[in-house]
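Take a look at the structure set out below.
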Amino acid sequence: MYRHLERRLAQAIRSFLQRTYEVELPKIVIEQPPKVELGEYALPLAFELAKRLRKAPRKIAEEIVAGIGPIEGFSKLELAGAGYINARVDRAALATALTRDARPPVEVPTGKILVEHSSINPNKAAHVGHLRNAILGDTFVRLLRFAGREVDVQNYIDNTGVQVADVVVGFLHLEKKSRAEIEALTRQPRFDYYCWDLYARASQWYEQDKQNLQTRLQTLHAIEEGGNETAALAELIAVAVLRRHLETMDRLDIEYDFLPRESEILHLHFWDAAFTKLKESGVLFFEESGKNKGCWVMRRAGTGAEIPEPGQEQVAEEDQKVIVRSNGTVGYVGKDIAYHMWKFGLLGKDFAYRKFYRYPNGKDCWISASAGEPEHPHFGDVAEIYNVIDARQSEAQSTVIEALRGLGHGEAADHYTHFSYEMVALTPRCAAELGYTLSEEDKSRSYIEVSGRKGFGVKADDLLDTLIASARKEVDTRHPELSDVERGEISTQIAIGALRYFMLKYTKPSVIAFDFKDALSFEGETGPYAQYAVVRATNIFRKGGYDAEKFAQDAANHVSAQDFAKYLADDIWELWLAAAQTSYLVDQCIATTEPAYLAKHVFQLAQLFNTFYHRYPILAEADEARKKFLLATAAVVRRELLRSLEVMGITVPPVM
RNA sequence: GCGCCCUUAGCUCAGUUGGAUAGAGCGUCUGGCUACGAACCAGAAGGUCGGGAGUUCGAAUCUCUCAGGGCGCACCA
C-alpha cells in the first residue's frame with residue numbers, strides 16, 4: 001500500500017510539472033520526513049527546480065502545493081522548511097486498507113530466476129562462513145518468492161576438485177582405510193566432522209614433504225577421469241558429506257531444488273560444446289608465445305576494451321586468463337562458463353536428473369546424473385540468475401560474464417548478478433576460545449580468517465547446538481511447566497531466529513568478525529527480540545479471548561474510519577506507517593540485493609511495537625471502541641512482523 | 001604494481017536515489033515488574049562521519065588526493 005501511494009504521488013507531481021512548467025525530471029526523489037508529525041512523504045524537488053525555473057525553492061513549492069489539486073489517498077500537501085513539500089496521507093484510509101490487508105496488484109516480471117547458493121566443497125563440515133552464504137541466499141530466494149517471482153534454487157557441488165581429492169588422499173594414504181571401512185564411517189552420525197579433521201591432516205601431510213603433492217595430483221586426475229576405484233571412493237565420500245550439508249541446512253529451513261555437480265559437467269562434455277562456441281566467437285584465442293604459450297586464453301575482465309574485438313587484438317600477458325592449459329585440460333573458469341551457458345539455455349546440452357534427497361516435508365531435491373530418470377522437472381534455461389558467492393571471487397565471476405557477452409549473449413550477461421558478500425572471520429578472542437594459539441600479529445588484528453585447510457573455524461552444527469543449548473537454559477527457567485519436547489522446539493526456533501537474524505543484520509560488504517558473545521545474544525537487535533514482540537502480541541489476544549488471526553482478518557469491521565481518524569495520533573501512527581512498509585522494503589531488498597534492509601525493518605517494527613505495548617495496556621482499556629482500535633493495531637503489526645520474519649526464514653514460538 | 005572493498009560514538013554496525021537537528025544495538029550510569037510475561041521500557045553520557053581539496057543551494061553519501069586496513073590479480077578451485 002505504501003509503495004502505491006508513493007507511486008501515485010510521483011505520478012501526480014510528474015504530470016503537474018509537465019502541464020504547469022513543461023519540465024520533466026528524470027526521477028522524482030521521495031523520502032520520509034525526519035518525523036511523522038511532518039507527514040509521510042517528503043519531496044525536496046523544489047531545490048532542484050529552482051535553477052531551471054529561476055525562482056526561489058519556497059516559491060516553487062508554494063505553487064506546487066497550491067496548484068496540484070487533490071490526490072487520492074492523500075489529505076494534503078504542505079510547504080515545510082526552506083522548500084520541502086511534505087505529503088500527508090489519509091491516515092484512516094491507509095489504516096483501513098492495511099487492516100483489510102489490501103495489496104493492489106503489481107506487475108510481476110515473468111521469467112524464471114535461478115539462485116545459486118551454498119556451494120560448499122563436499123569434503124568437510126559446513127562452517128560459519130557457509131552459513132552466511134546459505135542464509136543470505138535462502139533469504140534472497142524468499143524475498144523473490146514474496147514478490148511473486150518463480151525461483152529455482154541450486155547448490156553447485158564441486159565433487160571432483162582438489163578439496164575432495166585431499167580427503168581421499170587422507171583415507172587412502174594417511175589412514176590406509178579399505179573401502180568397507182570408509183563405507184562404515186560414512187554411516188556414522190557426523191561423518192563430515194571426521195572429514196574436517198582428516199582434511200586438515202592431509203593438508204599438513206603435504207607440507208611435511210613436497211613429494212606428497214604428487215599423490216594429490218595423481219588422485220585428482222583419477223577422480224576427474226572417473227571409472228576407477230579412486231573415483232568411486234571420491235563419489236562415496238562426496239555424496240555422504242553432501243547429505244550431511246543438506247541435513248545441516250535443513251535445520252535452518254534451507255532447501256534446494258537441484259544439485260548440479262562438476263562430475264556431470266565433465267562426463268557429459270559440457271566444456272566441449274562451450275569450447276567450440278568460444279573459439280568461433282573469438283572470445284578465446286590461442287597464445288603462441290610467452291609464459292602462456294600453448295594455452296587457450298581470454299581477456300581478463302576489467303582490462304582493455306569494453307567489447308573486445310573478436311580475434312586479432314593483442315592482449316598483454318598480464319591481462320590474459322588461461323582457460324585451457326597447454327596440456328589440454330580445462331580450468332575452473334572454463335567449466336564455469338559452460339555451466340552458465342547451460343543456466344541460460346545457451347549450451348545446447350542438458351544434465352540427466354535423478355532424485356537425491358527427500359526433505360521431511362516431502363519435497364524432493366534433484367541431483368545431476370549421467371543417466372537419470374525419464375521424468376524430471378525442467379531446470380536451467382532461465383531469464384535471470386543470482387550467484388551468491390563471496391567477494392573474493394568477483395574477478396572470476398566478471399570473467400564468466402564477459403565471456404557470455406563476448407559470445408553475443410549480452411542480455412544474459414546483463415541478467416547475471418554476482419550476489420557478492422564479505423566473509424565471516426573470527427575475532428582473536430573467539431579464536432583463542434577455540435584453542436588456537438595466536439601470533440602477536442594475529443592478536444592485534446580485528447579479525448582472523450577461517451581456514452578449512454587448517455581445520456580452523458566454527459562448524460555450523462556446533463554453532464547451532466550451542467545456540468539451542470543456550471536458548472534451552474532460558475526456556476527451562478521461564479517455562480518449567482512445558483513438556484520436554486515443547487521446550488526443545490521453542491529453543492530451536494529461538495536459536496534459528498538468533499542465527500539467521502545475526503547473519504542478516506550486517507550489510508553484505510561488511511566482514512563479520514564472529515564472536516560467540518554477539519551471536520549468542522538474545523537481547524537488543526536480535527532475532528529473539530523480534531520473536532518476543534510477536535509473542536507479546538499473541539498473548540494479548542489469547543488473554544483477551546480473541547483469535548489473533550481472525551481479529552486481523554476482520555479488524556476493519558471492528559474499527560470504523562471515524563475511529564481510525566480519531567485515534568491515529570502521531571505515536572501510534574508511526575507504528576502503522578512502519579507496518580505498511582513491508583512490501584516496499586522487500587522491493588528495496590531485491591533491487592539492491594541487500595537483505596539487511598529487511599532485518600532493519602523487522603527490528604524497527606518490533607521496537608515500535610514494544611514501546612506501544614508498554615504505553616498502552618490494551619486489555620485494561622475501558623473505552624470499547626478505543627480498545628478495538630488498539631487491538632487492530634496489535635493485530636496488523638503482528639501480521640506484518642510474522643510475514644517479514646518468514647521472509648527471513650524465522651518462525652515464532654507460541655511462548656518464549 | 002594494477003583492480004575491487006572498507007575507515008561514522010568506548011565496541012559492533014545502520015544511514016537505499018546527495019537533502020531538514022548524523023542513528024541503532026552492546027557496554028557504562030539513573031530509573032521502572034502486585035505481569036496484555038522485564039528476552040522489555042524510560043532517561044543520561046558519548047561523534048572535527050580517517051585527513052585535505054573540489055562539485056553543489058545543500059556532502060557521511062559524488063569527484064580528486066593523501067593516510068590506514070582488507071581482499072583479489074596461478075597453466076588452483
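Just so it is clear: chains get the letters A, B, ... in the order the sequence lines come, proteins before strands, and each one is counted from 1. Just so we're clear, the structure is a prediction, and the values are computed from it rather than from any experiment.
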Does the structure show a Watson-Crick or G-U wobble partner for B/G46, both distances under 3.5 Å? Name it, or say none. none
Determine the interatomic distance between C1' on B/G52 and the same-named atom on B/G46; round to the nearest Å. 27 Å
Taken to the nearest whole Å, OH/A/Y532 to C1'/B/C41 is 11 Å
Check every atom of B/U12, B/C40, B/C75 against the side chain of A/S326 and return the nucleotide holding the closest atom. B/C75
B/G18: pairing nucleotide in any strand, Watson-Crick or G-U under 3.5 angstrom: none
Are A/R132 and A/Y421 in a cation-pi contact, defined as NZ or CZ under 6.0 Å from the six-membered ring centre and within 45° of the axis? no
Please determine whether a side-chain nitrogen or oxygen atom of A/Q607 lies at a distance below 4.0 Å from atom OP1 or OP2 of B/G25. yes
Of the options B/C5, B/G25, B/C36, whose atoms approach the side-chain atoms of A/E525 most closely? B/G25
In this structure, are over 12 heavy atoms from other groups packed under 6.0 Å from A/E225 atom CD? no
What integer distance in Å separates A/E481:CD from B/G37:C1'? 11 Å
If you only use heavy atoms from C-beta on, which nucleotide in B/A39, B/A20, B/A24 is closest to the side chain of A/I494? B/A39
Show each protein N/O and nucleotides 70-74 of chain B N/O combination with a separation under 3.5 Å, one pair to a line.
residue: B/G70; atom: O2'; partner: A/Y447; partner atom: OH; Å: 3.0

So what's B/A53 paired with, Watson-Crick or G-U wobble, going by both distances under 3.5 Å? B/U63
Is the ring of A/Y597 stacked on the base of B/U16, with centres less than 5.5 Å apart and planes under 30° off? yes
B/G18 versus B/A22 - spacing of their C1' atoms, nearest Å: 14 Å
Could you work out, with ring pair (Phe, Tyr, Trp, His ring centres under 6.0 Å) as the rule, every residue matching A/F140, not counting sequence neighbours? A/Y386, A/F419
When you compare the protein's N or O atoms with those of nucleotides 56-62 of chain B, which come within less than 3.5 Å of each other, and at what distance?
residue: B/C57; atom: OP1; partner: A/K51; partner atom: NZ; Å: 2.6

Given B/C41, is OP1 or OP2 found less than 4.0 Å from the side-chain N or O atoms of A/Y529? yes
Can you see if the side chain of A/R325 gets near the phosphate of B/A77 - specifically, an N or O under 4.0 Å from OP1 or OP2? yes
Are A/R536 and B/A38 close enough that a side-chain N or O sits under 4.0 Å from OP1 or OP2? yes
What interatomic distance, in whole Å, is found between P of B/C62 and the corresponding atom of B/U8? 16 Å
Distance in Å, A/I496 CD1 paired with A/I650 CD1, rounded so as to fall on 0.5 Å steps: 9.5 Å
Under 4.0 Å between a side-chain N/O of A/K543 and OP1 or OP2 of B/G37, yes or no? yes
What is the distance from NZ of A/K505 to C1' of B/A14, rounded to the nearest Å? 11 Å
Distance (rounded to the nearest 0.5 Å) between A/H130 NE2 and A/I120 CD1: 5.0 Å
I need the CD-C1' distance between A/E262 and B/C76, as an integer number of Å. 12 Å
Expressed as a whole number of Å, how far does the P atom of B/C11 sit from that of B/G27? 16 Å
Work out which heavy atom in A/G83 is nearest to a heavy atom in A/A46; give both atom names and the distance. O-CB, 3.4 Å
Over all strands shown, is A/A634 touching base, sugar-phosphate only, or nothing at heavy-atom distances under 4.0 angstrom? nothing
Walking RNA chain B from its 5' end, the first of A/V29 and A/Y332 to be reached, judged by nearest nucleotide, is A/V29
Separation of B/C26 atom C1' from A/F516 atom CZ, nearest Å, is 19 Å
Mind checking the C1' distance from B/U16 to B/G10? Whole angstroms is fine. 29 Å
Please measure how far the C1' atom in B/G23 lies from the corresponding atom in B/C49, and state the result in whole Å. 12 Å
Which heavy atom in A/A632 sits nearest to a heavy atom in A/A555, and how many Å separate them? CB-CB, 4.0 Å
Just N and O in the side chain of A/R478: are any of them under 4.0 Å from OP1 or OP2 of B/A39? yes
Measuring only the P atom in each nucleotide, how far is B/C26 from B/C41? A whole number of Å is fine. 8 Å
Quick one: A/Y613 OH to B/A35 P, roughly how many Å, whole number? 11 Å
Sorted by chain and number, sequence neighbours left out, side-chain contact (heavy atoms from CB on, under 4.5 Å) with A/D570 holds for A/V36, A/E37, A/R91
Exercise: do A/T651 and A/Q493 side chains pair donor with acceptor under 3.5 Å: yes
Any carboxylate oxygen within less than 4.0 angstrom of a Lys/Arg side-chain nitrogen, looking at A/K335 and A/E262? yes
Could you give the distance separating B/G70 and B/A59 at their P atoms, to the nearest angstrom? 33 Å
For B/C73, the Watson-Crick or wobble counterpart (both distances under 3.5 Å): B/G1
A/R429: what forms a salt bridge (charged side-chain N to carboxylate O under 4.0 Å, His left out) with it, not counting sequence neighbours? A/D515
First of A/V162 and A/I490 reached from the 5' end of RNA chain B, by closest nucleotide: A/I490
Across all strands, who's sitting opposite B/G27 as a Watson-Crick or G-U wobble pair, both distances under 3.5 Å? none
When you measure from the side chain of A/F603, which nucleotide among B/C13, B/G37, B/A24 comes out closest? B/A24
With sequence neighbours excluded, tell me which residues meet salt bridge (charged side-chain N to carboxylate O under 4.0 Å, His left out) with A/E288. none
Can a donor-acceptor pair under 3.5 Å be found between the side-chain atoms of A/N610 and the base atoms of B/A42? no
